[in-house]
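For reference, the structure discussed in these notes is given below.
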Amino acid sequence: MNVSYKRVYLKSGKEESLKRFHPWIFSGAIAYAEGEPEEGEVVDVYTSKKEFIACGHFQIGSIAVRVLSFAQETVDHAFWVRKLESARALRVALDLIGNPQTDTYRLVHGEGDNLPGLIIDIYGSTAVMQAHSAGMHVCRLEIADALIQVMGDTVRNIYYKSETTLPFKADLLAKENGFIKGGSTDNVAMENGLRFHVDWLKGQKTGFFVDQRENRHLLERYASGRNVLNMFCYTGGFSFYAMRGGAKLVHSVDSSAKAIDLTNENVKLNFPDDPRHQAYAEDAFKFLDRMGDQYDLIILDPPAFAKHRDALRNALRGYTKLNAKAFEKIRPGGILFTFSCSQVVTKENFRNAVFTAAAQAGRSVRILHQLTQPGDHPVNIYHPEGEYLKGLVLYVE
Ligand code: SAH
């Protein structure tokens with residue numbers, strides 16, 4: 001027997017995107033709601049012809065409902081177990097579970113795993129869970145129970161980190177960060193045999209950027225004998241791969257002193273006392289002006305320049321300016337790994353910004369690889385907005 005939820009009725013014709021399985025319902029599509037659902041409550045969505053079309057989490061805001069299912073289901077323990085099992089099965093297919101070289105990966109990637117509003121990253125035996133919607137926040141303890149069941153012995157601790165990701169207006173209890181299962185201070189995780197301290201307590205996102213795993217691995221293949229500059233290094237991810245790949249020297253740069261401390265700690269973990277590495281807490285542009293001439297492998301992985309559509313034009317200018325500086329400075333025969341993680345910047349937008357930069361610097365540039373996010377950050381084919389990471393590997397003559 002299905003539980004019956006409060007009903008939300010759509011305006012006439014507003015079911016079209018749902019018939020194509022798009023998981024968001026905007027507030028403008030809603031005619032009325034019965035019984036005043038609260039933020040985070042599960043609602044059943046009906047068309048104007050009073051036919052059931054989806055169920056999802058209700059929220060006050062531009063996205064009013066995030067779809068959990070296109071079938072009439074009860075959102076209970078068994079539901080979360082089914083969803084998490086499906087997410088886990090994909091990571092098994094990607095050889096990310098029980099892999100002796102890599103115990104760090106994304107288990108749930110929001111819409112990409114048909115769980116809009118929920119992110120779960122795994123770092124060894126600790127899962128870091130992040131809610132981006134009121135509904136996922138309300139369900140956090142149920143999800144945590146299901147997660148422990150689905151992951152068996154492999155996950156013993158769950159850290160909940162939603163302080164900065166929840167809508168700040170929502171009147172929600174217990175938004176603060178903390179362990180909701182277990183508790184662990186062992187914070188070293190492994191990616192392709194390299195070890196990293198993960199700062200899930202205070203770090204950015206869930207503590208580490210798991211989405212660059214495969215791109216870092218690719219970089220390793222190009223590093224031999226090169227002078228490497230890892231710009232916007234954060235925890236130093238790309239730097240250790242470059243070192244293992246046989247780089248002559250590796251310089252890591254980040255404007256945050258805390259990021260530089262993390263990077264130095266991680267160097268110690270993997271390559272203690274290796275004189276090839278140096279880290280600098282400095283602004284990217286200033287550093288390129290001062291030191292930029294000596295490198296023949298440069299990584300540019302800046303923070304999202306555009307968080308919203310309104311900021312798109314400025315963001316594209318920012319990408320052009322940054323890449324032009326790198327094109328000006330990089331040595332002949334150099335290789336540039338350049339990225340954008342802004343979701344509103346399309347692949348074409350980004351390529352165009354980099355193209356403009358190359359032309360400004362007057363360099364001959366060829367594209368070697370076009371990169372994106374790895375399979376544990378899957379894109380739901382009905383939700384193309386989920387594709388956010390773009391990268392180009394360029395050979396600069
Ligand atoms: N490449 C990293 C992730 C980068 S996150 C990885 O693989 O994990 C972006 C980083 O850019 C943050 O650590 C932030 O502190 C840094 N940053 C932001 N503005 C900067 C600037 N103007 N110059 C240098 N670093 C900057």
Side-chain angles (χ1 to χ4, degrees), residues 102 104-106 121 123 128 164 189-192 194-200 202-220 223 228-245 250-267 269-270 277-292 295 297-307 311 314-315 317-326 329 336-343 345 371-374 376-377 388-393:
T102 298
T104 304
Y105 58 90
R106 180 155 290 189
D121 286 339
Y123 299 109
V128 180
T164 57
M190 188 150 62
E191 186 186 273
N192 291 314
L194 291 164
R195 298 193 303 144
F196 300 88
H197 286 287
V198 181
D199 185 10
W200 53 68
K202 294 195 215 81
Q204 303 177 42
K205 298 238 191 150
T206 63
F208 183 69
F209 285 78
V210 272
D211 56 359
Q212 289 286 22
R213 180 180 57 249
E214 290 176 3
N215 302 332
R216 291 182 187 123
H217 213 179
L218 178 67
L219 176 101
E220 185 175 350
V228 179
L229 171 61
N230 180 12
M231 196 54 97
F232 310 96
C233 67
Y234 185 37
T235 56
F238 283 99
S239 302
F240 320 119
Y241 283 79
M243 291 173 84
R244 192 167 66 178
V250 179
H251 290 168
S252 305
V253 178
D254 199 290
S255 57
S256 144
K258 246 195 73 210
I260 292 303
D261 289 345
L262 279 171
T263 297
N264 281 327
E265 265 183 58
N266 286 334
V267 172
L269 257 186
N270 293 284
H277 183 264
Q278 202 78 47
Y280 301 85
E282 195 171 332
D283 172 74
F285 285 94
K286 287 194 183 131
F287 186 88
L288 277 168
D289 277 335
R290 191 166 70 81
M291 301 270 282
Y295 306 104
L297 178 46
I298 298 180
I299 301 119
L300 299 177
D301 183 25
F305 284 171
K307 295 242 158 68
N314 276 340
R317 256 185 245 130
Y319 288 116
T320 297
K321 201 171 143 210
L322 178 65
N323 283 276
K325 183 66 82 188
K329 296 285 181 180
L336 178 63
F337 277 64
T338 182
F339 295 95
S340 162
C341 59
S342 303
Q343 195 227 298
V345 173
L371 306 177
T372 182
Q373 63 220 54
D376 56 336
H377 295 58
Y388 70 99
L389 185 63
K390 299 147 290 279
L392 293 168
V393 181

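One-based numbering, in listed order, for ligands and for the atoms of each. Note that the numbering runs from 1 along the sequence shown for the chain.
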Practice task
Look at the rings of Phe209 and Tyr234 and say which category their plane angle falls in: under 30° parallel, 30 to 60° tilted, over 60° perpendicular.
Solution key: perpendicular
Handout entry: Closest to atom 7 (O) of ligand 1 among Arg216, Gln212, Lys286 (heavy-atom distance)
Key = Arg216
Problem - Close side-chain approach of Asp211 and Pro374, heavy atoms under 4.5 Å - result: yes
Practice task
Give yes or no for whether the N/O distance cutoff of 3.5 Å, strictly under, is met between Phe232 and ligand 1.
Solution key: yes
Completion exercise
For atom 15 (O) of ligand 1, the closest protein heavy atom turns out to be Asp254 OD1, 2.6 Å
Exercise for the section: For Pro303, counting its heavy atoms only, list the atoms of ligand 1 lying under 4.0 Å from any of them. Expected result: 9 (C), 11 (O), 18 (C)
Handout entry: ligand 1 contact on Phe208 by region, counting heavy-atom pairs under 4.0 Å
Key = neither
Practice task
Please could you name the atoms of ligand 1 that Phe238 approaches to less than 4.0 Å, counting only its heavy atoms?
Solution key: 7 (O)
Handout entry: Glu282 to ligand 1, any heavy atom closer than 4.0 Å
Key = yes
Problem - Pair Ser239-Ser252, side-chain hydrogen bond (donor to acceptor under 3.5 Å, both in side chains): steps then yes or no - result: CA-CA 7 Å; Ser239 302; Ser252 305; 2.6 Å; yes
Handout entry: Tyr295 and His251 aromatic ring geometry - parallel, tilted or perpendicular at 30°/60° bounds
Key = perpendicular
Problem - Ser256: numbered ligand 1 atoms lying under 4.0 Å from its heavy atoms - result: 15 (O)
Exercise for the section: Cation-pi check, Lys286 to Tyr280: give yes when NZ or CZ is under 6.0 Å from the six-membered ring centre and within 45° of the ring axis, no otherwise. Expected result: no
Practice task
Tell me, please: is Val253 in heavy-atom contact with ligand 1, that is, under 4.0 Å?
Solution key: no
Exercise for the section: Would you check if Phe240 and Val267 make a side-chain contact, meaning some heavy-atom pair closer than 4.5 Å? Expected result: yes
Exercise for the section: Could you pull out, from Ser255, Ala284, Ser239, Gly318, the option with a heavy atom nearest to atom 19 (N) of ligand 1? Expected result: Ser255
Exercise for the section: From the options Asp283, Leu262, Asn230, Asp301, select the one whose nearest heavy atom is closest to atom 21 (C) of ligand 1. Expected result: Asp283
Exercise for the section: State whether Arg213 and Glu191 are salt-bridged, where the test is any N-O pair (Lys NZ or Arg NE/NH1/NH2 against Asp/Glu carboxylate O) under 4.0 Å. Expected result: no
Exercise for the section: Would you check if the distance from the ring center of Phe339 to the ring center of Phe232 is below 6.0 Å? Expected result: no
